[in-house]
> 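Dropping a structure here in structure tokens format, bear with me for questions.
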There are 2 protein chains.
Amino acid sequence: MTAASATPRQRRPYAARVPIAERREQLLDAALAIIVRDGYDAISVDAIAREAGVTRPVVYGAYDGLRPLLEALLDRQQERALAQLAEALPPEPDLTDPDRLVAETAHRLIDVVRGDPMTWRPILFAPFGMPEQVQARIETDRQNFLTQVTGLLEVGLVLRGGPKVDAEVTAHAILAVLEHFGRILLAEPERFSTERLVGTLTTLLGALR
Amino acid sequence: MTAASATPRQRRPYAARVPIAERREQLLDAALAIIVRDGYDAISVDAIAREAGVTRPVVYGAYDGLRPLLEALLDRQQERALAQLAEALPPEPDLTDPDRLVAETAHRLIDVVRGDPMTWRPILFAPFGMPEQVQARIETDRQNFLTQVTGLLEVGLVLRGGPKVDAEVTAHAILAVLEHFGRILLAEPERFSTERLVGTLTTLLGALR
DNA sequence: ACCAATTACTACACATGTGTAGCAATCTTG
DNA sequence: CAAGATTGCTACACATGTGTAGTAATTGGT
């Protein structure tokens with residue numbers, strides 16, 4: 001047995017002891033980091049534990065498994081995203097100058113995305129290929145936003161004297177452009193400056209008569 | 001041992017014997033079906049074998065593993081998609097009537113997507129969250145298409161007397177709209193008819209002055 | 001400085017997927 | 001209709017991930 005005791009499998013050093021609430025946040029951060037860095041396929045309780053520098057039972061102590069953890073992450077990120085969106089959207093839209101309104105709103109939206117890529121990258125880049133639950137959640141928020149845009153469009157286009165268009169389909173188109181701008185912004189931040197993107201939007205909008 | 005022989009683990013009935021080339025196609029079909037039905041996360045050699053009604057060694061006989069198989073699938077689907085695209089794009093664009101040209105091209109593109117959802121669903125719905133290699137491939141094709149559109153835009157907008165815009169960013173916007181239309185088309189075919197989508201495009205384009 | 005509560009770790013049983021060696025069935029050709 | 005070639009199946013060893021019981025370290029209050 002003396003030979004066996006030569007390698008006493010030294011115990012892993014204890015990770016810092018942390019109250020459970022804080023640990024939960026830390027685990028969500030770890031999960032998000034994995035998603036952003038390695039993609040959704042790489043997520044597992046094991047990977048999250050490794051990323052956070054703890055062992056799996058610690059994760060199971062904080063959440064009842066991968067599904068609930070991701071659910072919590074989704075809650076948190078959704079809350080963050082919606083809060084940032086609410087801050088970027090104008091509280092009292094000044095409909096007397098719609099073009100300016102759109103330009104400034106777009107500018108703020110772009111800054112929001114640029115300011116918190118960890119939150120927006122997964123939302124903009126991976127709405128598909130994710131668990132159904134996640135997709136459904138994002139889709140609901142999208143629909144809400146879409147409805148708002150559709151409403152604004154209907155009012156705005158009339159006030160502004162634009163063409164008569166299918167407001168719903170147009171809202172889809174606008175949202176698609178905004179989302180894609182968010183993506184190319186995150187992918188090549190220096191190539192697609194805020195000014196360039198807002199400028200194009202402004203020009204296109206201004207040409208709509 | 002008599003008790004054990006009561007359940008002689010009856011041999012699995014042999015799957016139809018198939019020459020290797022045909023088997024390969026069949027396996028690619030099985031993989032595609034899984035991706036469309038259950039998402040990329042559900043892909044494994046095991047799942048493909050099950051889907052095709054054979055055992056894993058059969059898969060390993062046809063391909064050297066999951067990676068090469070998916071590579072082959074990517075090749076095939078890319079070829080199909082590009083062929084369909086080439087057929088839908090006008091060989092000799094009639095630049096004297098750009099609006100009409102755009103409308104008819106859009107119409108054909110929509111029909112192409114509607115006509116082969118198995119091919120287009122993964123391309124339109126899952127460019128992200130997929131293996132890097134796949135993303136890279138799709139991104140390359142996108143860039144090509146983007147370059148073409150950018151070129152057409154530069155010529156077309158001048159001939160047509162449209163506004164002076166950033167052609168590259170505008171091309172991104174157009175492509176984003178087309179892709180999103182493809183998605184909502186596949187998601188709710190009856191809600192978003194071809195006419196509705198093309199109509200909106202035509203109206204918006206007509207209003208650009 | 002100690003003890004109890006809290007928190008973290010080890011170790012195990014199980015599940016699913018990978019890749020391969022060796023055997024069994026089927027098909028083809030003479 | 002009988003080999004031989006071809007194709008498919010079974011069974012195994014291994015790898016990675018899940019979830020949990022039991023044990024050990026840490027920490028805050030006395």
> Using whole Å, report how far CZ of A:Arg67 lies from C1' of D:dG19.
16 Å
> Please state how far atom CZ in A:Arg50 lies from atom C1' in D:dG17, giving the value in whole angstrom units.
9 Å
> For B:Phe125 and B:Ala187, work out which heavy atoms get closest and say how close.
CZ-CB, 4.3 Å
> Mind running side-chain contact (heavy atoms from CB on, under 4.5 Å) on B:Thr170 and A:Thr203 for me, showing each step along the way?
CA-CA 10 Å; B:Thr170 305; A:Thr203 306; over 6 Å; no
> Distance check needed: C:dG19 P versus B:Tyr63 OH, whole Å only.
16 Å
> Could you pull out all residues at least two apart from A:Ala173 that satisfy side-chain contact (heavy atoms from CB on, under 4.5 Å)?
B:Val177, B:Phe181
> Between C:dT20, C:dA8, D:dG17, spot the one nearest the side chain of B:Tyr60, thanks.
C:dT20
> Check the distance between C:dT16's P and B:Leu66's CG and give it to me in whole angstrom.
18 Å
> Does the distance from a Lys or Arg side-chain N to an Asp or Glu carboxylate O, for B:Arg50 and B:Asp46, drop under 4.0 Å?
yes
> Base, sugar-phosphate, or nothing: which does B:Ala49 touch, judged by heavy atoms less than 4.0 Å apart?
nothing
> Look at the side chain of A:Arg56 against the base of D:dG19 and say whether a donor-acceptor pair falls under 3.5 Å; ignore hydrogens and angles.
yes
> I want to confirm an ordering. Mapping A:Pro57 and B:Pro13 to their closest nucleotides on DNA chain D, which one lands closer to the 5' end?
B:Pro13
> Do the side chains of A:Arg80 and A:Asp116 get close enough for a salt bridge, i.e. N-O under 4.0 angstrom?
no
> How many Å lie between CZ on B:Arg23 and C1' on D:dT6, as a whole number?
12 Å
> Expressed in angstrom and rounded to an integer, what is the separation of B:Asp46 atom CG from D:dT10 atom P?
13 Å
> Specify the residue among B:Ala47 and A:Ile20 whose closest nucleotide of DNA chain C lies further upstream toward the 5′ end.
A:Ile20
> Rounded to the Å, how far apart are A:Asp64 CG and D:dG19 P?
10 Å
> Do we see a donor-acceptor contact under 3.5 Å between the side chains of A:Thr194 and A:Arg114?
yes
> At under 4.0 Å between heavy atoms, how does the protein contact nucleotides 25-30 of chain C? Give one character per nucleotide, 5' to 3', with B, S or -.
BBS---
> Taking the minimum atom-to-atom distance to the side chain of A:Ala15, which one of D:dG8, C:dA8, C:dT18 wins?
C:dA8
> With side-chain contact (heavy atoms from CB on, under 4.5 Å) as the test, pick out the partner of B:Gln77 among B:Ile35, B:Thr119, B:Leu28, B:Leu82.
B:Thr119
> Would you kindly give the CZ-to-C1' distance between B:Arg12 and D:dA11, to the nearest whole Å?
14 Å
